[in-house]
Structures are given as C-alpha cells and as structure tokens.
Peer 1: 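Pasting a structure below so you can have a look.
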Amino acid sequence: MRVTQSMLSNNMLRNLSSSYQSLGKYMDQLSTGKKINRPSDDPVVAMKGMDYRTQVNQIEQFERNIGEVHNWMDNSDSALSEVQNGLERLRELAVQASNGTYEEGQRANIAEEVEQLKEHLLEVANTKVNNKYIFSGTATTGNGGKEPYQLDGDGSFVNPINNDDVTIEVSSGTKIRVNVEPDSVFTEDLFQDLTDFADMLKDENASEKDISQFITEIDGHIDNNVNARADLGARQNRIDLIENRVSAQLVTAQDMMSENEDADMEQVIMNLTSQEAVHRAALSAGSRVIQPTLLDFLS
Amino acid sequence: MSSTFSGLEVAKRALNTQQSALYTTGHNIANANTEGYTRQRVNMSQTAPFPPASRNRPEIPGQVGSGVEVGSIERVRDSFIDKQYRQENSKVGFYESKADTMSKLESILNEPTDQGLSSAYDQFWQSLQDLSVNPEDSGARSVVKERANALADAFNYVDSSLEDVRANLKNEIGVNNSKINSLIDQINELNGQISNVEPHGYVPNDLYDERDRLVDELSSYVDIKVDYRKSSGQPSPIAQGIATITLVTDNEDVENDDGEPITLVDGSAGADLGSDQSVNHIFSDFDDDNNLKAIFFDSPNSDLTVEEQTAQLAADYDNQAFIYGGNFDVQGKLNALIDGAGYLDGFSYDGTDTGTAAGEINEMLADIDKMVEHFVTEFNAVHQTGYTLATDQDGNAMQGGEFFTGTTADTIAVSQDILDDVDLIAASSTGASGDGGNATALADVYTKRVENFLSYDAGDANQLDDKATIKSYFESIIGEMGVVAEESNRMYNNSQILRQQVEESRQSISSVSLDEEMTNMIQFQHAYNAAARNMTVVDEMLDKIINNMGLVGR
C-alpha cells in the first residue's frame, strides 16, 4: 500500500485524539471515583445504581424511624415504672389501712395520700413526649385538644380513651406497634378503684374487710402494669433485633452500591499510567515520522 | 526521408512534455495539504511515427519515432472507493448526530446521581416516612410539602429541558436544510462550469476535485447516489461528465409520495445546468409542536422566503412531491435529527390522519408523562382515602383532597390547598392525629405494583404493565435510554472506523506523497536535461551540415 505524508499525519492526529479520549476517561473515573458517569457507559450498572441508591436511602430512613421507636418505648417504659412505684405505694397504704388499728384521722391522711397518688397516676397517664400524649392511642394530640385523661366528679373518664395502635414502619413492610395500649394500664377501673378507695378510707363505717378488698384490686392493677411492661420489653427486644438487621442491611446495600458503581482505584491509576506511557510514545513516534522527507536528503 | 529539422522537433516535444510533467509535479506539491485534492498524473504518449503507413510513403527502412506529447492530465482516483466512502459517511453522520442527541438526554435526566428525578423521589419518600412517624408534627408536614414541590419541580425541569433540546434540534434541522441546499447549489454550479469546459476536450481536474469534495460533504447529511452523463461536444474520453444526484436508502432510490425518485441535482441532458430549475431544495414543514410533518423537494423560488415557500408547498400539497416525516428513512445527519426532534407518524395532509408524535424526545416525554400520570392519579387516590388534621363543622377529621394537580411532567404541581395549609395533608388512615398509616401508604405508591393501585384499570391500553412499579418503570426508561445511547455511541465508533479505513484506501491512492513527487521531479528534470542535450547534439549535427559540409580540401 502506498503511504503518504498526509496519511501519516492524519493517522497520527487520530491516534493522539483517541489516546486523549482514553486519558480523559480515566481522569473522569479518577476524579469522580465512579466507573460510569452516564447510563450509556453501562446501562445495567446505571439501572442497578438507581435501585441501590433508593435502597440505601430507604434503609437510612428506617434507621431514623427506629430511633423514633426507641423514643416511644423508652419513654413509655419509664412512665410505666413510675406507675409501678405508685401502685406499690398504694398497696402499702391499703395494707396499712386495713390493719384496723388506724384511727379515723390517720385514715383520712392515708386517703389524702391516695388522692395525691391518683392525681400522680393521672399525670403519668397524660405524659407528653415530643408534644405527643403517649398513652392516648393514635389521638396523640389529645381529645379535641384537651388532655386525654380527665375525670369527672365521680372518678370516671370524661372522654372515651383512644385505644388504637400507633405503628411505625421499621423495615420494608414491617410495622411495629410502639405505644402501650392505654386500656391495659390506665383503665377506667383503676381510677374508679382509687376514687372508691379514698372514699372508703373517709367513710367512718368502713370495716377492715372493706378496705382490704382494695389490696386485691390494686394487686390486679399491678399485674396489668407488669404485663404491659413485659409486653413492651418483648417489643423492645424485637426492635433491637430489627435494628441489628437493618444496620447489617445498610452495610450490605452500601457495599453493593459501591461494588456496582465505584471505580477500582488501583486499576484506574494503573490504566492511567500505562495510557500515559502510550500517549508519550505516540507523541515521540509522531514527531519522528512526521519530520523527514526525501527533500531533507536531496541537495 | 524525414525533414532535416525533425530532430529539433523531437527534442522540442520532449522539452515541452517534460516541462508539463514538472509543472504538474509542482501543482501536486503545492496542493499536498489541500482538502479534497487528488494527485494528478501526466499521461505521456508517443506521437505518430514517420513515415505513416500510406501509398506514397518514402522508401525508408522502418518507422522513425517522432517524440512524445502530453496525452492527458488525469486525477488518480478510484470512484468505487468514493461510493463506499459516501455510504459510510452517511452512517457516521447519522450516528454522530444520534449519539449527540442521546448524550443530551442523558445529561438532562442525570441518572444515576444524587441530583436526578429518582433522588428527588427518594427524598420525598423519606419525608413521607418522617410524616408517618410524626403525623401530628407541622414541621414534618412542611417538609413533605417542600419535598413534593421539589419533586414537581424536578419533573417540570426535565420536561422543559427536553422541550428546549427539541427546539434546538428543530433549529439544527433548519440549519442543516440550508447547508444541504447550499451544497446542492454549489454542486449544480460546478456542473455548469464543467459542462462549459468538457465539450472542448479539456479535463477540468480541479473542478472535479471540488465537486467530489462537496458531494462527500453532502453525503454526511443524506445518503445519495451519483450518476454521470457525458458532456456534449467533443469531451475527452477521461472526462467525468455531469453529475446527477439522487436520494437513496440501502442503495434503492427513495421515492416521494408519487412514487418517483428524488433528484437533488439534475444533470440530465434536458436540464438547464447551473440554474435554479435543475436543483431541488429541501423544505421542512413542521407543526406547532415542532414535529416534522413532511419534507418537500422543490426548486427554490428567489421571490419567497424559505418559510413562505414551505407554507405554499404544504398548502398546495396535491401538486408537490414530498415525503412524510414518518417515511423519511434516508440515512444521514438529517434523519438522526428528525428522529431526535420528532415527527408525526401516520400523518396525512388530506386530513384522514393527524398522526402521532414520534421520535426519541417525544417518546421520552410520553414515557415520563405516563409515569407522572400514574403516580399523580394513584397518589391522589391514596391521599383521598386518608384523613387530614383539619376538622369539619361537626369536629370530624376531613378526608384528604387532591395532593398533586396536573397529569403531565409539564403541569404537575402540588395543589394550592396543600401549599396554603399543610394540615390538609392526609397522613392518617383513621382520622386520629397520631395515626400515620396513610403517610406510609403514600410513601409506598412509588414502589408498589401497579396491579395494587386503587386507580388501576387493567382494560386500559395506556396502563403500565401490572407487574411494574412506578420506580421500576422509571428505571426501565433510563435503562432503555442508556441502551439506545450506548448503541449509538458504538455504531458511531464503528462507522467512524469503517470510514477511516475507506478514507485510508482513498488516501493511499489519491493523496500526494512528497517523496514520490520529489522522485518524479528528479526523473522529469533529468529527462528535460537529456532532451536539451539532445537538442544540442542535433544543433551540432546541423552545424556540421550547414557550415562544414562540402569543404573538402579547404
């Protein structure tokens, strides 16, 4: 084949430009850290990339949701532990009062304390965390803007208590109940019993037997409370498991994302270096081939 | 006997001829870097020997040669390679333009990154999850509102950017049309000049070069076929003739709607070469949405602007030859631009069909609109089953209204009610303020299967596949675009390599090699010197005859 100067210089230009193109590609990979920069570089990687990004995003969100779950559960638990203390004190008082040796004045004092404890339990029932009533089912902003637990004169609830589950999604499709069902602890019975207890203590004619029946009642409420805490504890255990799983998922998802689209730095740097060498060789070869013609040797 | 002075004549012819060869060598060297230049070669031939065979020829033994003359000066070129080159050039033009359009689409959709549509969606999803956890929180509600705004904006942006690209591509088609028309005019002009020179027996090599260069350029816009007709008069046998250029696809003539081939430059015997009557310019008729309706081919009318003439041609379509946009499949840059910018498929001027918008960008817009429509419809449907924080006169929680308005990427927006009052976001599925069930359901819209949509109508042909989700549908849009772009890039590279190879073979035949020209120069110079020497010898011989003959003994 006949080869001419213009062919040589055209070829050289073409080779140099394709060499620059490769250099550019490796530079891109190096500076972005990504294997691909646009879908056409590798459509499959691009599609998977979109998927993994969403996945990572979602898992991060679920971690955030789990934080909120802890918030609910820890606060509920500490509230219930206060309830526990209150109920135990009430039981002590019931035992004391049923002793029979107490006089009227002393019973009245006990009645006073019972009243106070009732108020305290009412306050605990109206616990607000993050501006939410946590023992009010899904009516977290209260009943019509008012506190959920209010008693009328005879000790019964003013408002019906919302007993619905508050659920939070903690991983795709898994929703977990985060609240304590109000009617498992703060029942109408509880407050009715305490009202009756105080009334009984104030009643001069009340017998020891009348009073000691409240010990059983209070034991029943203590049982309820313990059950609610046990249930909560079980759910806390479950959320810990889920949390571990979700954080493991996050690592896996990030791994897969990185595997999918991140450039292998060592490889890219090697490629860049060898491409650079090729480029230098092309330049130097070009400068040798382009220069001389027969003209240079004729005199 | 031949003439006494015939030796001088032989030497003179040699001098003249070698001189011509040297001049041609000079011309080659001078044009070594001229684009489209083909090296020229002097075809030397022997002149008629003496005596010619005839009745009263002198009785001498044998014929004596009478020297050399310049037979012709010819371009060294292979017309078969030209044809190959132009075929490949059309492909390069097509895929280059297509790859360019696709790369613009890729930049606009900007996936997979943290700035694209899908990340706007991910953020919206996150805000809905936050809302489901804190449904009574007005902060979480505001975030949902803003993220929804951001998502709507992202759709609006993609739509308007795609429309911008479309408008640019349409302008590019216009620019290409005038470029093609100008090339056609120039080729026609050269046809006229060549037809003036050839009848006298000359071979206008430089005009051929220029014409071939223009034809090469034209071939990147549209696939063409070139036929040649001999000039009238006494053309040299190596004269190339007058070119007629017709549109082809896959080596077949392209037919207009009357079933006739489309001639861009008419070099036939009846044509008035070089005049407006012997060319057909391209006129593109667009609808209001920048979709190509049809391409007309007609002689230019200098009294009218291009727009006026296009309008006139379209109005009088019965009398005009044209190709509908959907039928134009001539490979080349023009076709790729039309494919990108959009055309009306199945359109007909007689009103029987209004046509459907087709082409890369139209399809992309339609795909995204379909996704938006499904998303908005389903999102609103789910939203309307939920309850807001606001209450009606009886104190009951109100059900949600429309969350998004609009059903296309262009019109999607967050409803004014929600913008005015974030309490109207229906996060609750029961009406209780602390219930975030509906917010979770709203978040799920993006990733739930279409068959589970509240608003799904399996009978509607426009519905997404029932196994698809909005998210997977969007991924498939991006994937499809990626594959098309990847293929255009690959085909662009491949066709470029093929064109390079053909160009290489062409250069190998036609381009100027300085070494070779230098060698030729030396060769011709020596021949010239030798001829001069020969003349001196003849001169000395004649001197002997004239001045020294018959002087015996003196």
Side-chain angles (χ1 to χ4, degrees), chain A residues 1-7 9-11 14 34 36-54 56-58 60-62 64-65 68-69 130-133 136-142 144 162 164-169 172-173 175 178-179 261 293-295 298, chain B residues 32-33 102-103 106-107 109 111-112 114 116 118-119 121-123 125-126 129-130 132-137 389 395 428 430 432-437 440 443 447 471 474-476 478-486 488-489 500 503-505 507-509 511-516 518-519 522:
Chain A
M1 183 156 129
R2 194 175 158 269
V3 177
T4 68
Q5 275 82 16
S6 63
M7 287 163 74
S9 56
N10 279 346
N11 271 339
R14 205 157 47 227
K34 300 279 174 217
I36 63 158
N37 285 305
R38 30 182 63 232
S40 57
D41 292 341
D42 191 333
V44 178
V45 169
M47 275 172 76
K48 277 186 177 171
M50 288 168 70
D51 221 38
Y52 290 143
R53 268 158 207 270
T54 304
V56 169
N57 232 313
Q58 295 196 342
E60 278 171 356
Q61 179 64 34
F62 287 134
R64 226 152 90 184
N65 290 1
E68 196 64 23
V69 171
N130 273 348
N131 238 359
K132 293 186 220 190
Y133 293 107
S136 182
T138 52
T140 52
T141 50
N162 180 318
D164 291 343
D165 292 350
V166 173
T167 54
I168 287 179
E169 194 169 7
S172 199
K175 288 182 176 181
V178 294
N179 64 337
E261 59 187 63
T293 67
L294 184 58
L295 197 67
L298 291 173
Chain B
N33 292 325
M102 293 313 293
S103 124
E106 285 184 306
S107 311
L109 286 161
E111 298 286 353
D114 296 332
S118 73
S119 100
Y121 203 97
D122 283 346
Q123 290 193 336
W125 182 91
Q126 278 191 324
Q129 281 283 337
D130 280 340
S132 81
V133 174
N134 294 305
E136 61 287 275
D137 187 29
L389 267 191
S428 167
T430 60
S433 55
D435 179 72
T440 319
T447 45
K471 179 177 160 56
F474 183 55
E475 276 167 20
S476 75
I478 298 294
E480 225 169 277
M481 176 190 74
V483 172
V484 174
E486 187 191 25
S488 329
N489 289 342
Q500 264 166 34
E503 172 71 6
E504 188 99 322
S505 351
Q507 295 261 311
S508 164
I509 293 171
S511 75
V512 176
S513 157
L514 290 180
D515 293 346
E516 193 177 271
M518 292 306 298
T519 317
I522 294 163

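Residue numbers begin at 1 in each chain, while the letters A, B, ... track the order of the sequences.
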Peer 1: So what's closer than 4.5 Å to chain A heavy atoms on B:Asp137: side chain, backbone, both or neither?
Peer 2: neither
Peer 1: Would you mind telling me which of A:Thr140, A:Val166, A:Thr138 has the largest number of heavy-atom pairs within less than 4.5 Å of chain B?
Peer 2: A:Thr138
Peer 1: Heavy-atom distance under 4.5 Å to chain A: side chain of B:Glu480, backbone, both or neither?
Peer 2: neither
Peer 1: Measuring heavy-atom distances to chain B, does A:Asn11 have an atom under 4.5 Å in its side chain, in its backbone, in both, or in neither?
Peer 2: side chain
Peer 1: Could you check if a side-chain atom of A:Gln5 sits within less than 4.5 angstrom of a side-chain atom of B:Asn33, using non-hydrogen atoms only?
Peer 2: no
Peer 1: Go through the structure and list residues passing salt bridge (Lys or Arg N to Asp or Glu O under 4.0 Å) with B:Glu111, not counting sequence neighbours.
Peer 2: none
Peer 1: Looking only at the side chains, is there a donor atom on one of B:Ser119 and A:Arg53 sitting less than 3.5 Å from an acceptor on the other?
Peer 2: no
Peer 1: Give, as side chain, backbone, both or neither, the part of B:Ile522 having an atom under 4.5 angstrom from any heavy atom of chain A.
Peer 2: side chain
Peer 1: Salt-bridged, B:Glu504 to A:Arg14, with N to O below 4.0 Å?
Peer 2: yes
Peer 1: Any side-chain heavy-atom pair from A:Ser40 and B:Met102 closer than 4.5 angstrom?
Peer 2: no
Peer 1: Considering only heavy atoms, which portion of B:Asp515 lies under 4.5 Å from any heavy atom of chain A: side chain, backbone, both, or neither?
Peer 2: both
Peer 1: Would you compute the distance between atom CG of B:Asn489 and atom CZ of A:Arg38 and round it to the nearest 0.5 angstrom?
Peer 2: 8.5 Å
Peer 1: Do A:Asn10 and B:Glu503 pair up side chain to side chain, a donor and an acceptor below 3.5 Å, judged on atom types alone?
Peer 2: no
Peer 1: Within a strict 4.5 Å, meaning less than it, do heavy atoms of the A:Glu169 and B:Val133 side chains meet?
Peer 2: no
Peer 1: Could you tell me the separation between the CZ atom of B:Phe474 and the OG1 atom of A:Thr54, rounded to the nearest 0.5 Å?
Peer 2: 10.0 Å
Peer 1: Closest heavy-atom contact between A:Met47 and B:Gly479?
Peer 2: SD-CA, 3.4 Å
Peer 1: With sequence neighbours left out, what residues match A:Thr4 under side-chain contact (heavy atoms from CB on, under 4.5 Å)?
Peer 2: A:Arg2, A:Ser6, A:Met7, B:Ser511, B:Ser513
Peer 1: Report which part of B:Ser103 has an atom under 4.5 Å of a heavy atom belonging to chain A: side chain, backbone, both, or neither.
Peer 2: both
Peer 1: Let me know if A:Asn162 has heavy atoms under 4.5 Å from chain B in its side chain, its backbone, both or neither.
Peer 2: side chain
Peer 1: Might you work through the side chain to side chain contact (heavy atoms under 4.5 Å, CB included) test for B:Asp122 and A:Gln61, ending with a clear yes or no?
Peer 2: CA-CA 10 Å; B:Asp122 283 346; A:Gln61 179 64 34; over 6 Å; no
Peer 1: Could A:Asp51 and B:Lys471 be called an ion pair, given the rule that one side-chain N must be under 4.0 Å from one carboxylate O?
Peer 2: yes
Peer 1: With a 4.5 Å cut-off on heavy-atom pairs, point out which of B:Ala432, B:Ser505, B:Pro112 contacts chain A the most.
Peer 2: B:Pro112
Peer 1: So, for B:Gly437 and A:Lys175, which heavy atoms are closest and what is the spacing to 0.1 Å?
Peer 2: O-NZ, 4.4 Å
Peer 1: When rounded to the nearest 0.5 angstrom, what is the spacing between CE in A:Met50 and CD in B:Glu475?
Peer 2: 5.0 Å
Peer 1: Looking at B:Leu109, B:Leu389, B:Thr440, which makes the most heavy-atom pairs under 4.5 Å with chain A?
Peer 2: B:Thr440
Peer 1: Based on non-hydrogen pairs under 4.5 Å, which of A:Glu261, A:Lys48, A:Arg64 is most in contact with chain B?
Peer 2: A:Arg64
Peer 1: Measure distances from A:Tyr52 to the heavy atoms of chain B and classify the residue's part below 4.5 Å as side chain, backbone, both or neither.
Peer 2: neither
Peer 1: Can you find a side-chain donor-acceptor pair between B:Glu136 and A:Thr141 that sits under 3.5 Å?
Peer 2: no
Peer 1: Which answer fits B:Thr519, side chain, backbone, both or neither, if we ask what part of it has an atom under 4.5 Å from a heavy atom of chain A?
Peer 2: both
Peer 1: A:Lys34 versus chain B, heavy atoms under 4.5 Å apart: side chain, backbone, both or neither?
Peer 2: neither
Peer 1: If I measure from the heavy atoms of chain A, does B:Val484 come under 4.5 Å with its side chain, its backbone, both, or neither?
Peer 2: neither
Peer 1: Stepwise, does the side chain to side chain contact (heavy atoms under 4.5 Å, CB included) test hold for A:Lys132 with B:Asn134?
Peer 2: CA-CA 9 Å; A:Lys132 293 186 220 190; B:Asn134 294 305; 2.7 Å; yes
